[in-house]
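In what follows, every heavy atom counts, from backbone to side chain, and hydrogens, waters and symmetry copies are set aside.
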Amino acid sequence: ICMPQLQVTLCETAQKRCAFLHQVVRTLALSAEVLEQDAHLVADESPGFHHAVARAVFEPGTWQSLGARLVAPQGWIWSMVTDRQAATLHQPDLASYALKDGRTRGIVRQQRSTVP
């Protein structure tokens with residue numbers, strides 16, 4: 001909404017969630033494409049996105065590997081993780097934030113070139 005020039009591609013395998021995403025894109029006039037496809041298949045056909053973002057969909061190591069397949073050579077892979085998960089990642093750029101219950105979460109940014 002804040003960046004209408006941003007081109008976004010959303011991957012979702014569940015038809016019901018895709019229908020919801022299509023409705024949101026239409027209602028808010030977003031510049032987004034909704035693919036009813038598994039991210040692994042998109043990675044096989046990907047032209048190389050600048051950024052790939054996942055929120056609690058994959059374990060961090062699995063997402064790193066898949067994200068590296070989705071982004072261009074200098075692209076960025078973003079993950080939302082627990083602090084414990086972030087500690088297992090190779091060279092993470094981590095920003096932590098607190099939840100209302102006192103637990104913390106992190107947003108990890110990694111450039112494809114740093115993914116092992």
Side-chain angles (χ1 to χ4, degrees):
I1 293 172
C2 296
M3 299 177 67
Q5 73 280 9
L6 187 65
Q7 297 289 317
V8 177
T9 302
L10 305 167
C11 300
E12 176 56 61
T13 57
Q15 194 280 327
K16 187 174 182 177
R17 287 189 289 254
C18 277
F20 170 77
L21 291 172
H22 281 294
Q23 182 63 36
V24 169
V25 167
R26 276 192 303 276
T27 301
L28 299 177
L30 300 176
S31 180
E33 176 183 18
V34 179
L35 302 177
E36 190 173 341
Q37 234 179 328
D38 184 272
H40 292 89
L41 297 174
V42 174
D44 292 340
E45 303 166 1
S46 169
F49 296 103
H50 296 287
H51 300 269
V53 181
R55 181 190 158 272
V57 180
F58 304 99
E59 286 297 319
T62 302
W63 172 238
Q64 277 185 313
S65 297
L66 177 55
R69 292 177 45 216
L70 286 163
V71 298
Q74 296 302 312
W76 292 92
I77 304 160
W78 299 79
S79 315
M80 297 180 84
V81 297
T82 65
D83 288 339
R84 185 179 54 210
Q85 289 172 322
T88 68
L89 298 174
H90 179 70
Q91 297 180 352
D93 180 3
L94 175 69
S96 293
Y97 60 96
L99 301 174
K100 289 181 182 181
D101 64 6
R103 293 179 296 153
T104 59
R105 293 289 182 267
I107 299 174
V108 175
R109 179 182 79 158
Q110 291 180 276
Q111 195 160 29
R112 175 181 164 184
S113 59
T114 67
V115 175

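Listed here is the closest heavy atom pair of Pro4 and Ser31: O-CB, 3.7 Å. Summarising the geometry of His51 relative to Val71, their closest heavy-atom pair is C-CG1, 3.8 Å, with the distance given to 0.1 Å. Smallest separation of non-hydrogen atoms from Ala39 and Leu70: O-CD2, 3.9 Å. Closest approach of Glu12 and Cys18 over heavy atoms only: O-SG, 3.3 Å. Across all non-hydrogen atoms, the minimal contact from Thr9 to Phe49 is OG1-CE2, 3.7 Å. Pairing each heavy atom of Pro60 with each of Val81, the nearest pair is CG-CG1, 3.9 Å.
Put simply, the side chain of Trp76 never gets that close to the backbone of Val53: no donor and acceptor are under 3.5 Å apart.
Residues that satisfy the salt bridge (Lys or Arg N to Asp or Glu O under 4.0 Å) test with Arg103, not counting sequence neighbours, are Asp101.
Looking at Ile107 and Tyr97, their side chains come closer than 4.5 Å, going by heavy atoms from C-beta outward. Using a 4.5 Å cut-off on side-chain heavy atoms (C-beta onward), Gln37 and Cys11 make no contact. Using a 4.5 Å heavy-atom threshold, the side chains of Leu30 and Val8 count as separate.
Residue-environment remark: CD (Glu59) stays at or below the threshold of 12 foreign heavy atoms within 6.0 Å. Residue-environment remark: CD1 (Ile1) stays at or below the threshold of 12 foreign heavy atoms within 6.0 Å.
Both Phe20 and Val34 are part of a single hydrophobic cluster, where members link through side-chain heavy atoms under 4.5 Å apart. Hydrophobic clustering (side-chain heavy atoms under 4.5 Å, transitive across Ile, Leu, Val, Met, Phe, Trp, Tyr) groups Val57 together with Val42. Leu35 is not connected to Leu10 by any chain of hydrophobic side-chain contacts under 4.5 Å among Ile, Leu, Val, Met, Phe, Trp and Tyr, and they are in different clusters. When the side chains of ILVMFWY residues are joined at heavy-atom separations under 4.5 Å, either directly or via intervening members, Leu21 and Met3 end up in a single hydrophobic cluster.
Ring planes of His40 and Phe58: perpendicular class, angle over 60° (limits at 30 and 60°).
Taken to the nearest 0.5 Å, the NE2 atom of His50 stands 12.0 Å off from the CD atom of Gln74. Here the CG-CG distance, from Asp38 to Leu66, works out to 7.5 Å after rounding to the nearest 0.5 Å. Expressed to the nearest 0.5 Å, how far CD of Gln85 lies from CZ of Arg105 amounts to 8.0 Å.
Residue pairs meeting the salt bridge (charged side-chain N to carboxylate O under 4.0 Å, His left out) criterion with at least one member in residues 18-35, sequence neighbours excluded, do not occur.
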**Prompt:** Arg109 and Ile77: side-chain contact (heavy atoms from CB on, under 4.5 Å), yes or no, with the steps?
**Reply:** CA-CA 6 Å; Arg109 179 182 79 158; Ile77 304 160; over 6 Å; no
